[in-house]
Amino acid sequence: MKDKVNQIQEELANDIQKVTSSKELADLKVKYLGKKGLVTELTSNMKDLSIEEKKELGKLSNEIKNEVTEALRKLEESIQNKELQKKLEQETIDISLPSEKIKRGSRHPFNRIIEDVEDFFVSMGYDVVDGPELETDENCFQRLNVPLGHPARDAQDTFYIDTEYLLRTQTSSAQARTMQENIEKTPIRMICPGKVYRRDDDATHSHQFGQVEGLVIDKNISLADLKGTLELFAKKMLGENTKVRFRPSFFPFTEPSVEVDVSCFKCGGKGCSLCKQTGWIELLGAGMVHPNVLRMGGYDPKIWTGFAFGTGLDRLTMFRYAIPDIRFLYTNDIRFLEQFDRKDEENEIK
Ligand code: DAH
């Protein structure tokens, strides 16, 4: 009997060393004090013993039971302490650590350009109008003096839906709509920024891109008004020192038509790789609204005159922020977009 007790004591001392968690401790309790535990089993065969022996065994087993209980209690206490300590360490908040950075989004460079364009023209009294991207051939071409079969259609590779509908190739379609819808509200001063579509795709062309169209119709509007307006616009978008020049050109919806160049904002006009050593960069198409277009819009060209202009917003964005590939504007690469977190000026080439 004594041997058994000694054995239990030894085994317990050994087991206690190995316990590291509450779970292991619970197993140990079962092993020694459970119904079939080592200590409980000591007294399982008492009925065959004499009274003396029963007394002695009872005393001994009580002693060992107390001893085991006490040892396990101490062990429990120390394990609980350790576990609590560990938990506290894990949950410690180091108030001296810098706080987690909250990431701020930023406006897409393309949207910045649209907002700037709108701000400028709204400050000049223009309305900002919207038009559908799915347009009629009539609004996109015919009412702009480009009848069916006209060679000017070839220059704008069109996505046709059917013979009547297409994806607009130019925001000029908004001219035709505005004239019809606003005839009672003339004089008209409007811009229409938006998406247009052409069958084109390379580093400087995308099948979808942004344009802004402008239209003014009033009495006594002349080319001088157009020039003044576009000069101010170019300065606002590309810097105060920007110069503007008009070159004769052709568009079916304007007469006369001009192409508008701005002095190269990279070299200031001296000549560099961006302006191909010419000192000038082509920015806009414009002109005086063609009498046919006025007539189709319901205006008598003897009373009303107007100017119109149109420019690519992607091109403007690429110039302003020195972006080498138009696809950066559409692929939503976060590394590209994050560069615009900071102030506009830091990213501008001036
Ligand atoms: N719609 C023309 C284009 O996409 C740009 C344009 C040129 C618009 C002359 C105009 C204009 O209003 O008068 O190339």
Side-chain angles (χ1 to χ4, degrees), residues 117 121 126-129 131-133 135-147 150-159 166-179 182 188-200 204-218 221-231 233-234 244-262 281-294 296-297 299 301 304-317 326:
V117 170
F121 283 105
Y126 286 60
D127 291 328
V128 179
V129 309
E133 288 163 29
E135 252 302 1
T136 57
D137 186 282
E138 192 182 342
N139 282 330
C140 197
F141 290 126
Q142 295 169 41
R143 285 180 167 274
L144 294 172
N145 206 26
V146 187
H150 192 286
R153 287 178 180 240
D154 294 348
Q156 302 190 356
D157 276 327
T158 311
F159 287 111
L166 44 76
L167 291 180
R168 68 177 176 194
T169 55
Q170 49 184 359
T171 42
S172 305
S173 54
Q175 281 193 34
R177 286 185 169 272
T178 308
M179 286 190 211
N182 289 3
I188 289 173
R189 275 174 186 71
M190 74 84 175
I191 56 160
C192 173
K195 291 189 205 114
V196 299
Y197 302 85
R198 290 187 198 179
R199 299 195 304 172
D200 234 347
T204 50
H205 296 89
S206 163
H207 61 280
Q208 176 210 297
F209 56 101
Q211 275 195 343
V212 60
E213 183 75 14
L215 174 72
V216 169
I217 297 180
D218 203 343
I221 295 290
S222 76
L223 203 63
D225 298 311
L226 173 65
K227 192 160 188 221
T229 306
L230 294 183
E231 242 165 31
F233 175 61
V244 171
R245 81 173 179 188
F246 278 30
R247 277 183 292 113
S249 184
F250 171 79
F251 297 103
F253 27 89
T254 42
E255 182 57 39
S257 300
V258 291
E259 231 147 333
V260 182
D261 297 338
V262 287
I281 287 177
E282 189 189 316
L283 188 68
L284 286 145
M288 301 306 292
V289 181
H290 197 291
N292 287 350
V293 175
L294 284 171
M296 279 186 273
Y299 293 91
W304 302 100
T305 47
F307 65 70
F309 57 87
T311 187
L313 291 168
D314 305 68
R315 217 169 132 69
L316 209 54
T317 313
I326 195 170

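Atoms within each ligand, like the ligands themselves, are counted from 1 in listed order.
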side-chain hydrogen bond (donor to acceptor under 3.5 Å, both in side chains) filter on T317, not counting sequence neighbours, yields none
By side-chain hydrogen bond (donor to acceptor under 3.5 Å, both in side chains), Y299 pairs with (sequence neighbours left out) T186
With no hydrogens and no angle check, just 3.5 Å: does a side-chain donor-acceptor pair link E213 and Q175? yes
field: Salt bridge R177-E135, side-chain N to carboxylate O under 4.0 Å
entry: yes
The residue among L284, T171, L313, V128 that forms side chain to side chain contact (heavy atoms under 4.5 Å, CB included) with V212 is L313
Residue set satisfying ring-ring contact (aromatic ring centres under 6.0 Å, His included) with F121, at least two apart, ordered chain then number -> Y126, F233, F309
Check ligand 1 for N or O atoms under 3.5 Å from a protein N or O and list each pair with its distance.
residue	atom	partner	partner atom	Å
ligand 1	1 (N)	Q170	OE1	2.7
ligand 1	1 (N)	S172	OG	2.9
ligand 1	4 (O)	R198	NH2	2.9
ligand 1	4 (O)	Q211	NE2	2.8
ligand 1	12 (O)	Q175	NE2	3.3
ligand 1	12 (O)	E213	OE2	2.5
ligand 1	12 (O)	F309	N	3.3
ligand 1	12 (O)	F309	O	3.4
ligand 1	13 (O)	A308	O	3.2

